[in-house]
Amino acid sequence: LKPFWLKIDGSAQTSAPAMPRLLASWALAAGCLPAAAVATEASLKSTRWTRLPTGSVKPRGWLETQARLQASALTSHLPLFWPNLADSSWLGGAADIDGGLHESTPYWLNGAIPLALQLEDAALLTLVEKYIDGILARQGADGWLGPDTAHDDFWSRYPLILALAQYHEAPSASQERKGRILDAALRFFGAVDARLASGLQLASWSASRVHDLIWAIHYFAEVSPLSHTQGLLALASLLHERGLDWNGQWFNSSNFARSAVTNMSAAYDFTHGANNAQAVKRGVVWARQGGDAAAGAAESLLAWRTLMRYHGQPSGIFSADEHLAGRMPSRGTELCVVVESMWSLVLLAQTAPTDGQSTEALDALEKLAFNALPGSLSDDLWSHSYLQFANSYQALSNEPDHLWAFDGPDAAMYGLAPQYECCTSNMHQGYPKFITHLFFADHGLNAIVSTVWAPSTVAVPDVGGGVELELRTEYPFGVSVEYVIRNPSAFQLRIRLPEFLREVDGPHAGLATVQVWVEG
């Protein structure tokens, strides 16, 4: 098969014909016909775009350099010296109990697992599999996963189940271990259901962040035997009902904080920054089961727009130095808020029913990936700052001069855990999940969707007879891209153009000069 080259030179003048839509489409061969829509199990509605399994997209160029730097730094070394992982309560140890949350190990796995699979890093993969096996081996007789020091601590299981789902979906992962993960997940969901039936309520973060768990339930419902589907969806419905109503009580309500929060105890769960970042996904996650993709996307877009209208910062993230902090550029944003916002935005882009809505989410994602995320990380990825803010020019202890309200004087310094320990373990999901979502499949159009320009490769076996695609670019350090494609049969490539290459005064035209040719 001869490769197909598509070159876009963003530095060219605007003499080319306007792009027909925000997401430009090309049929890679004549007579391309849409494939039949992918069927879904039970009452789950298909997302417009299909997530590609973890490991399908691999970083190249500067992005691979960044990913390998992360893998060789804290991601692989934390288990060697940081008590929260080295002596993790998830493996029978005495650490990882900050606030009784037990969240460090699940947070770390939620980023380390996809990173190991994307890089095919044998040493890191062996390390994460050791943790997976140890956690599964300690599953309770009732199905509960992890330390059971507080029976109503559902929350710290959410990132664990997200991590296990990413391993389970990976084509290259151990089939035997994937079978044990599926069995463990189903038993755990049964334990959650039993605890809710016993009268336990979702409290605090378990309620405010519950749609991360619902996303995972939906994933396992689709890969489980049909006999489990209705029970899993009933559990998801119960969790949705008992979770916080972010739309009715916050984003679409007069209760929403339209300025910096001064009293964090007044509505703690609603004003907390990471809770808001995770709540953005509520609408689109529930839309799969609720059945109304348009309403779900509208809810999630309203959430994001509201946060940015009243708390937006130049880096593309909203301020939350623990709690929402207004638009003053000397107020900070926690690193966890950045990576959780990125995860919510890719789910919004995947599920939204229109190109314009997906593109809006991807524009926001790009700003976070290329501005806010690196803004909180040291260049060697051995340290991070808990808070970033636009007017920060010195990473020093700021006591008593700092303006942020709820975090300590060291929050802007770089270190292992300069404030709370959450970001030390949660930062690892940022780049790997960004890499996973550089491409989606659109089976309704027999298409591959290129979402954000970054050097990468992707293999999609069920589009175009098995497409292999390489995206060659230095973006955002340059504005030229090349797509090198091998495809046995016809398909469409849909490309989101960066915001600055689209016409300012209209959403249906682009400023890029596009040259397309077939080599040979």
Side-chain angles (χ1 to χ4, degrees), residues 36-54 158-159 161-162 164-166 168-169 182 185-186 189 192-193 202 207-248 251 277-304 340-355 357-358 360-362 365 433 436-437 440-445 449 451 462:
V38 177
T40 56
E41 301 289 354
S43 60
L44 281 180
K45 182 179 177 64
S46 298
T47 54
R48 186 166 72 115
W49 297 342
T50 300
R51 169 190 171 92
L52 300 177
T54 300
Y158 301 175
I161 299 299
L162 293 176
L164 294 179
Q166 291 175 90
H168 185 271
E169 71 180 352
L182 177 59
L186 294 177
F189 296 144
V192 171
D193 189 50
L202 295 179
S208 60
R209 304 176 179 186
V210 73
H211 286 79
D212 277 313
L213 180 59
I214 292 174
W215 183 91
I217 291 173
H218 287 169
Y219 168 79
F220 283 106
E222 290 190 304
V223 299
S224 298
L226 287 176
S227 58
H228 293 278
T229 302
Q230 292 305 315
L232 290 173
L233 296 185
L235 174 60
S237 181
L238 180 62
L239 290 167
H240 175 70
E241 293 171 4
R242 295 193 181 183
L244 293 190
D245 179 5
W246 282 94
N247 187 52
F251 295 120
Q278 292 176 252
V280 170
K281 70 172 70 69
R282 178 184 185 271
V284 291
V285 168
W286 185 245
R288 292 208 61 201
Q289 190 166 339
D292 193 338
E299 177 182 326
S300 289
L301 279 170
L302 173 66
W304 183 253
E340 295 294 355
S341 293
M342 292 173 68
W343 169 229
S344 291
L345 287 167
V346 296
L347 295 180
L348 171 54
Q350 176 188 5
T351 306
T354 70
D355 286 349
Q357 292 170 325
S358 295
E360 182 177 346
L362 294 171
L365 173 66
K433 286 189 177 179
T436 293
H437 297 97
F440 286 101
D442 185 336
H443 293 101
L445 296 177
V449 183
T451 61
D462 54 355

What's the separation between atom [atom1] in [X] and atom [atom2] in [Y], rounded to the nearest 0.5 Å?
X	Y	atom1	atom2	answer
F251	L301	CZ	CG	12.0 Å
Q166	R51	CD	CZ	5.5 Å
D212	E340	CG	CD	6.0 Å
I214	L235	CD1	CG	8.5 Å
E222	T229	CD	OG1	9.0 Å
L244	W246	CG	CH2	6.0 Å

Ring pair (Phe, Tyr, Trp, His ring centres under 6.0 Å) partners for [X], two or more places apart:
X	value
Y158	W155
H211	H240
H228	none

Shortest non-hydrogen separation from L232 to F189 and the atoms involved: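 Answer, listing the atom of L232 first, then F189: CD2-CD1, 3.5 Å.
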
Side chain to side chain contact (heavy atoms under 4.5 Å, CB included) with A294: which residues, sequence neighbours excluded?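 Testing A294 for side chain to side chain contact (heavy atoms under 4.5 Å, CB included), a comparison that skips the adjacent residues, returns D292, P353.
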
Who are the side chain to side chain contact (heavy atoms under 4.5 Å, CB included) partners of L302, not counting sequence neighbours?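 Result, side chain to side chain contact (heavy atoms under 4.5 Å, CB included) vs L302: N247, N252, T306.
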
Which of these, L213, T47, L233, sits in a side chain to side chain contact (heavy atoms under 4.5 Å, CB included) with H218?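 Exactly one option meets the side chain to side chain contact (heavy atoms under 4.5 Å, CB included) with H218, and it is L233.
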
Ring centres under 6.0 Å, that's the criterion: do W286 and W215 meet it?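 Not close enough - the centres of the two rings lie 6.0 Å or further apart.
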
So, using side chain to side chain donor-acceptor pair (under 3.5 Å) as the criterion, who are the partners of E299 when residues are at least two apart?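 With neighbours one apart ignored, the set is R282.
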
